Chemist: 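Before I ask anything, let me first share the structure, which is written out below as structure tokens.
Remember, predicted model here, so these are calculated numbers, not experimental data. Order of appearance sets the numbers: ligands from 1, and atoms from 1 within every ligand.
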Amino acid sequence: MADHHNGLSFLESVDHMVDRALLSMDLAPDVAEAIKACNAVIQVKFPVKIRGKVQIFSGWRAVHSTHRLPAKGGIRFAPCVDQNEVEALAALMTYKCAIVDVPFGGSKGGLMIDPRQYDRDEMQLITRRFTLELVRKGFLNPATNVPAPDMGTGQREMAWMADTYKHLNPDDINYTACVTGKPVEHGGIQGRTEATGRGLQYALQEFFRHPDEVKAAGMEPDLAGKRVVVQGFGNVGYHAAKFLQEENDCRIIGVIDRHGMLHNAAGIDVEVAYRYRVEHRSFKDFAGGEYTENGAKGLESECDILIPAALEGQISADNAARIQARLIIEAANGPVTFEADQILNKRGVVIIPDAYANAGGVIVSYFEWIRNLSHIRFGRMQRRFDEVRGHYQIEALESLTGKVLPQALKDKIDAGASELDLVRSGLDDSMRQAFQGILEVRNGNEKITDLRTAAYVTAIRKIARSYLDVGIY
Ligand code: GLU
């Protein structure tokens, strides 16, 4: 990945950002070093017989921090995965969890594979074999290390992983908590699939609740009507674009995928474009916009908000000066390199950083893990009780006032929250609180001018606190 980062590896790029944050803090250098260090990383190589021939697969799992357990983070399946990338992503998970107050350490895994080259049965065989390696070596366990979906993995892979763990540990009563992002029928939670995109929407909504921030970015108030370009139309990019269009009246003017860019100044119908792409595997010949093959150039299109939701290192020293967006919100992990970050900061482009912006996934993973440990769906014991209480409140109000409440209001008062309602409420609250925490840190330290540095300082303070409280040993 070094080429994307203009000489800096992904891990170095993350470390530089952390070092920049440390410059504005008064932290003992040894504590800083302890926080930055990757605690453990394993590489596994294992054979799987595919179509009569033995193939060797390479995978990694890095545990960046264990100041809180379990260590948490996704597993990606991609042809370009390597140890440096996995370590960088594991470090990001540590800071991410701290920023949004999710009590986990940071971890990340990767398998070097192009999933498009294998059918479902083959993928199952490979995933189960990889899981076996991770479980046997202590890198997958509900108490210490809990994977989740990432690029190239989803509910399907999580179900296979959980099932493999269960067969190896039939006496572990908490086996479903060994991975998150599972299908709902297999211990998953409502709203996990949409969670990262949903969290991104909540982050933007919160940003627009702070008029000074919006003004500093050189934008008019109000999220409605903003022109948005999304790079990457996988789970995260699709959901973010969909929610921003349907619920915030944003105009999605560009969608970039690995083949090219779909552009329409009047706005793209996200749902229709998404279905077209599923069917045709590209936006080519889609009637709802103009298609060009140069997707990279699309990042430089005129727009208000740019959402990089694909790979790391997409905005580098090569193109940072040409980015026209006023606000970048990082849906991917590490889409802006350290050098690009400096260029964009100088140009006054505001960046809502990855470690905060895309934390929705791990926040809802946290809810899923708790659900698994408590062995009960959120709201199961409370929902009908709340409905009945709401009903009595309506009766009391009506009999005291002698008036009949409008039906729409009654429906709101006597509705008990479903699991999805509770997940969204918890996610929204976490995103709001975290953003306010980041602003507080930035506003309280004149050395900090950008949100990323403020986010890292927030994280480092919390992690340092926990190290200092219990001592480093
Ligand atoms: N892979 C996601 C991320 O990068 C989710 C991790 C998790 O839920 O543990 O944040």
Chemist: Run the numbers for me: atoms of ligand 1, each under 4.0 Å from some heavy atom of K96, listed by number.
Modeler: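 Answer, ordered by atom number: 3 (C), 4 (O), 10 (O).
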Chemist: Starting from atom 7 (C) of ligand 1, what is the nearest protein heavy atom, named by residue and atom, and what distance separates them?
Modeler: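 Checking every protein heavy atom, the shortest distance to atom 7 (C) of ligand 1 gives A148 CB, 3.2 Å.
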Chemist: Checking the side chain of N358 only, and the main-chain atoms of A331 only, is there a donor and an acceptor separated by less than 3.5 Å?
Modeler: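 Answer holds: yes.
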Chemist: Taking only heavy atoms of G361 into account, list the atoms of ligand 1 that are under 4.0 Å away from them.
Modeler: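 Ligand 1 atoms under the 4.0 Å threshold to G361: 8 (O).
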Chemist: With atoms numbered from 1 as shown, which atoms in ligand 1 lie under 4.0 angstrom from a non-hydrogen atom of N333?
Modeler: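 Every atom of ligand 1 under 4.0 Å from some heavy atom of N333: 4 (O).
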Chemist: According to salt bridge (Lys or Arg N to Asp or Glu O under 4.0 Å), does anything in residues 232-245 pair up with another residue at least two apart or in another chain? List the pairs.
Modeler: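 Residue pairs passing salt bridge (Lys or Arg N to Asp or Glu O under 4.0 Å), neighbours aside: K242-E246, K242-E271.
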Chemist: Between D421 and S418, is there a donor-acceptor pair closer than 3.5 Å when you use the side chain of the first and the backbone of the second?
Modeler: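 Pair found, side chain donor or acceptor close to backbone of S418.
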Chemist: For F77 and F130, take the angle between the two ring planes, folded into 0 to 90°, and tell me which bin it lands in: parallel under 30, tilted 30 to 60, perpendicular over 60.
Modeler: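 It falls in the tilted class, 30° to 60°.
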Chemist: Does a donor on one side chain and an acceptor on the other come within less than 3.5 Å for S466 and H67?
Modeler: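 Result is no, nothing qualifies.
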Chemist: Give a yes or no on whether the backbone of I351 and the side-chain of D450 come within a donor-acceptor separation of less than 3.5 Å.
Modeler: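 Not confirmed, D450 side chain does not pair with I351 backbone.
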Chemist: Does ligand 1 have an atom under 4.0 Å from some heavy atom of P147?
Modeler: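 It does not; every heavy atom stays at 4.0 Å or beyond.
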Chemist: Is the backbone of P353 close enough, under 3.5 Å, to the side chain of E330 for a donor and an acceptor to pair up by distance?
Modeler: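 Not confirmed, E330 side chain does not pair with P353 backbone.
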Chemist: Nearest protein heavy-atom contact for atom 1 (N) of ligand 1: which residue, which atom, what distance?
Modeler: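 It is D150 OD1, 2.7 Å.
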Chemist: Just heavy atoms, cut-off under 4.0 Å: does A359 contact ligand 1 by side chain, backbone, both, or neither?
Modeler: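 Looking at A359 and ligand 1, no heavy atom falls under 4.0 Å.
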Chemist: Between atom CD1 of I323 and atom OG of S301, what is the distance when rounded to the nearest 0.5 Å?
Modeler: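 Rounded to the nearest 0.5 Å, the CD1-OG separation comes to 8.5 Å.
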Chemist: Do P149 and ligand 1 have an N or O pair less than 3.5 Å apart?
Modeler: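 Yes.
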Chemist: For atom 8 (O) of ligand 1, find the nearest protein heavy atom and state the residue, atom name and distance (0.1 Å precision).
Modeler: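 The closest heavy atom on the protein side is S365 OG, 2.5 Å.
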Chemist: Using a 4.0 Å cutoff against the non-hydrogen atoms of K72, which atoms of ligand 1 qualify?
Modeler: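 Per the distance check, 7 (C), 8 (O), 9 (O).
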Chemist: What atoms in ligand 1 come closer than 4.0 Å to a heavy atom of K108?
Modeler: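 Contacts of ligand 1 toward K108, numbered from 1: 1 (N), 3 (C), 4 (O).
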Chemist: Under 3.5 Å, is there a donor-acceptor pair linking the side chains of R61 and S107?
Modeler: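 Side-chain D/A pair, R61 to S107: present.
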Chemist: Can you list the ligand 1 atoms lying under 4.0 Å from a non-hydrogen atom of M93?
Modeler: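 Here the atoms of ligand 1 in question are 3 (C), 4 (O), 6 (C), 10 (O).
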Chemist: T153 side chain to I75 main-chain N or O, any donor-acceptor pair under 3.5 Å?
Modeler: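 Answer holds: yes.
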Chemist: Hey, does M151 sit under 4.0 Å from ligand 1 if you only count heavy atoms?
Modeler: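 Not so, M151 does not reach ligand 1.
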Chemist: Which residue and atom name correspond to the protein heavy atom nearest atom 6 (C) of ligand 1, and how close is it?
Modeler: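 Closest protein heavy atom to atom 6 (C) of ligand 1: G74 N, 3.6 Å.
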Chemist: Would you mind checking which non-hydrogen protein atom is closest to atom 5 (C) of ligand 1, with the distance to 0.1 Å?
Modeler: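 So the nearest neighbour among protein heavy atoms is R192 NH2, 3.5 Å.
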